[in-house]
Number of protein chains: 2
Amino acid sequence: MPAPRQGLSELLERNAVRATPRRLEVLEELARERDDVTAQQLWSRLRERDSAAGLATVYRTLALLSEKGVVDVLSHHGGEQCYRLCGDAHHHHLLCERCHRVVEIQECGLDDWVAAAAKQHGFVATDHRVEIVGLCADCR
Amino acid sequence: MPAPRQGLSELLERNAVRATPRRLEVLEELARERDDVTAQQLWSRLRERDSAAGLATVYRTLALLSEKGVVDVLSHHGGEQCYRLCGDAHHHHLLCERCHRVVEIQECGLDDWVAAAAKQHGFVATDHRVEIVGLCADCR
DNA sequence: CGTGCGAATGAGAACCGTTATCGTTCTCGC
DNA sequence: GCGAGAACGATAACGGTTCTCATTCGCACG
């Protein structure tokens, strides 16, 4: 359960995004998705639900939301971006290479390792991304 | 120093790739680059060196080399792929957010952590990617 | 309640990185 | 040299994303 169906407009306002009907539709559709979706998938699903949202609006909304940190952008398909409604806190992702399931990893005990690895090359780490690829319970 | 200037054709043959003049040019140009480059950058540099290599060949060669594991593909620019000649062994990358410098992290002591994190969600990890973003020594 | 103004939106064109096509050239074993 | 198959260059095609612009909407103010 990625996010509660209720409170989506609060989620927007908390991030200084005006809660318009279209944006709520996009967000609601995102909240329905367990894994991740492309902008085009999201758009066609909205169409099926008789939303009048245009493709440009879907892209604009997703760009806005990712900028605000409300959605994560995964580019594991090279050339096509995938979006996912995620928690606010720092987290990583677990990807099933077979069914493309996406699961959040909440616990990241990697800060020390990251800082040390960075320091070793004269860097100061400001952020890090980890993706674990594997097989989920259903696909094993 | 990512790779020795010599031995590029051996590098190709070791990976079952026929060492043609074009491919060597592409590889040589990749070896000159400390960080990472896009296909288009690489192509225009080759042009400047009076190489007759076409853009399609550059893309074909990069696709082939990445398939063979000779080059790494980084998609941290969303929409545009960056290529880098990297070592064979499992490694990660350190990125400078200011000058876009890329450094390989050879030591990855993360296998246990990865396996544990995967297991906790019912996954079996087969691979993982880590990118550390920060500031390099020069940019601090 | 109107009114006005700036933000948001939809349709479609434009953009741009990448890939496919196709005719030509090159490579290499014979 | 010769022939078959791989590689190549030019360019068209493709597909995801962004831009443009005219229209509509949301909301504060009168």
Side-chain angles (χ1 to χ4, degrees), chain A residues 8-10 12-13 15-30 36-68 70-84 100, chain B residues 8-10 12-13 15-30 36-68 70-84 100:
Chain A
L8 294 181
S9 74
E10 286 80 354
L12 290 181
E13 277 154 17
N15 287 281
V17 175
R18 193 173 353 172
T20 66
R22 290 290 167 270
R23 288 173 180 167
L24 284 170
E25 284 174 15
V26 170
L27 204 49
E28 197 179 325
E29 195 61 46
L30 270 174
D36 56 0
V37 273
T38 65
Q40 316 246 1
Q41 287 173 332
L42 209 53
W43 176 64
S44 75
R45 291 183 195 176
L46 286 169
R47 290 258 132 160
E48 285 170 13
R49 291 182 193 276
D50 297 320
S51 163
L55 184 56
T57 299
V58 172
Y59 274 105
R60 275 189 292 242
T61 303
L62 290 172
L64 187 60
L65 293 179
S66 76
E67 195 179 310
K68 299 293 183 179
V70 178
V71 304
D72 281 10
V73 185
L74 308 183
S75 34
H76 47 111
H77 277 68
E80 195 168 15
Q81 318 246 74
C82 292
Y83 300 86
R84 186 176 195 276
H100 300 121
Chain B
L8 294 181
S9 74
E10 285 81 354
L12 290 182
E13 276 155 17
N15 286 281
V17 175
R18 187 160 16 159
T20 67
R22 291 290 168 269
R23 287 174 180 166
L24 283 171
E25 285 173 14
V26 170
L27 204 49
E28 197 178 325
E29 195 59 48
L30 268 173
D36 57 359
V37 275
T38 65
Q40 316 245 0
Q41 287 173 331
L42 209 53
W43 176 65
S44 75
R45 290 183 194 176
L46 286 169
R47 290 257 132 161
E48 286 169 13
R49 291 182 192 274
D50 296 319
S51 162
L55 185 56
T57 299
V58 173
Y59 274 106
R60 274 189 291 241
T61 303
L62 290 172
L64 188 60
L65 294 179
S66 76
E67 194 180 309
K68 299 293 183 180
V70 178
V71 304
D72 281 11
V73 185
L74 308 183
S75 34
H76 47 112
H77 278 67
E80 195 167 13
Q81 318 248 72
C82 291
Y83 299 86
R84 185 175 194 277
H100 301 120

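Below, each value reflects all heavy atoms present in this structure, side chains not excepted, and no hydrogens, waters or symmetry copies. To find a chain, count down the sequence lines: A is the first, B the second, and so on, and within it residues start at 1.
- Among the nucleotides D/dG9, C/dG17, C/dC28, the one closest to any side-chain atom of B/Arg18 is C/dC28.
- If you measure from atom CG of B/Leu65 to atom P of D/dA7, you get 12 Å, rounded to the nearest angstrom.
- Distance alone, capped at 3.5 Å, places no donor-acceptor pair between the A/Glu13 side chain and the A/Glu10 backbone.
- Between C/dG10, D/dT17, C/dA20, one nucleotide has an atom nearer to the side chain of A/Ala39 than all others, and that is D/dT17.
- Across the interface with DNA chain C, nearest-nucleotide mapping of A/Ala52 and B/Gly79 shows A/Ala52 to be the residue nearer the 5′ end.
- Residues from residues 57-64 of chain B placing a heavy atom under 4.0 Å of any atom in DNA chain D, listed by number, are B/Thr57, B/Arg60.
- Closest heavy-atom contact between B/Val26 and B/Leu46: CG2-CD1, 3.9 Å.
- If you measure from atom CD of B/Gln41 to atom P of C/dT18, you get 11 Å, rounded to the nearest angstrom.
- Distance, A/Glu13 CD to D/dG26 P: 14 Å, rounded to whole Å.
- With D/dT17, C/dA11, C/dA20 as the choices, the nucleotide that has an atom nearest any side-chain atom of B/Ala56 turns out to be C/dA20.
- Out of D/dT11, C/dG10, D/dT17, the shortest distance to the side chain of A/Gln81 is found at D/dT17.
- The shortest distance between the side-chain N/O atoms of A/Thr20 and the OP1/OP2 oxygens of C/dT9 is below 4.0 Å.
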Inset, instruction - Check the pair B/Val73 / B/Tyr83 against side-chain contact (heavy atoms from CB on, under 4.5 Å), numbers first and verdict last. - result: CA-CA 5 Å; B/Val73 185; B/Tyr83 299 86; 3.9 Å; yes

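- Nearest to the side-chain atoms of A/Pro21 among the listed nucleotides D/dA10, D/dG26, C/dT9 stands D/dG26.
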Legend entry - Derivation of the side-chain hydrogen bond (donor to acceptor under 3.5 Å, both in side chains) call for A/Tyr59 and A/Gln81: CA-CA 11 Å; A/Tyr59 274 105; A/Gln81 318 246 74; over 6 Å; no

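- To the nearest 0.5 angstrom, B/Leu30 atom CG is 5.0 Å from B/Leu42 atom CG.
- Axis angle across the helix from C/dC1-D/dG30 to C/dC30-D/dG1, with five pairs used at each end and values rounded to 10°: 30°.
- Between the P atom of C/dT18 and the CD atom of B/Glu80 lies a distance of 6 Å, rounded to the nearest Å.
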Please tabulate, one pair per line, all N/O donor-acceptor pairs under 3.5 Å involving side-chain atoms of residues 47-56 of chain A, not counting sequence neighbours.
residue	atom	partner	partner atom	Å
A/Arg47	NH2	A/Ala53	O	3.4
A/Arg49	NE	A/Glu29	OE1	2.8
A/Ser51	OG	A/Glu25	OE1	2.4
A/Ser51	OG	A/Ala53	N	3.1

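- For B/Ala53, the side-chain atoms get nearest to D/dG9 when compared with the rest of D/dG9, D/dT17, D/dA7.
- Taking atom NE2 of B/His77 as the reference point, atom C1' of D/dG16 lies 18 Å away to the nearest angstrom.
- The interatomic distance linking A/Leu42 (CG) with D/dT17 (C1') rounds to 15 Å, in whole Å.
- In this structure, a donor-acceptor pair under 3.5 Å is absent between the side chains of A/Asp36 and A/His100.
- Checking side-chain atoms of B/Arg84 against main-chain N and O of B/Val37 turns up no donor-acceptor pair under 3.5 Å.
- Among C/dA11, D/dA10, C/dT18, the nucleotide with an atom closest to any side-chain atom of B/Leu55 is C/dT18.
- Here D/dA7 presents its P atom at 13 Å from CG of B/Leu24, a figure rounded to the nearest Å.
- Rounded to whole angstrom, the span from the CH2 atom of A/Trp43 across to the C1' atom of D/dG16 amounts to 13 Å.
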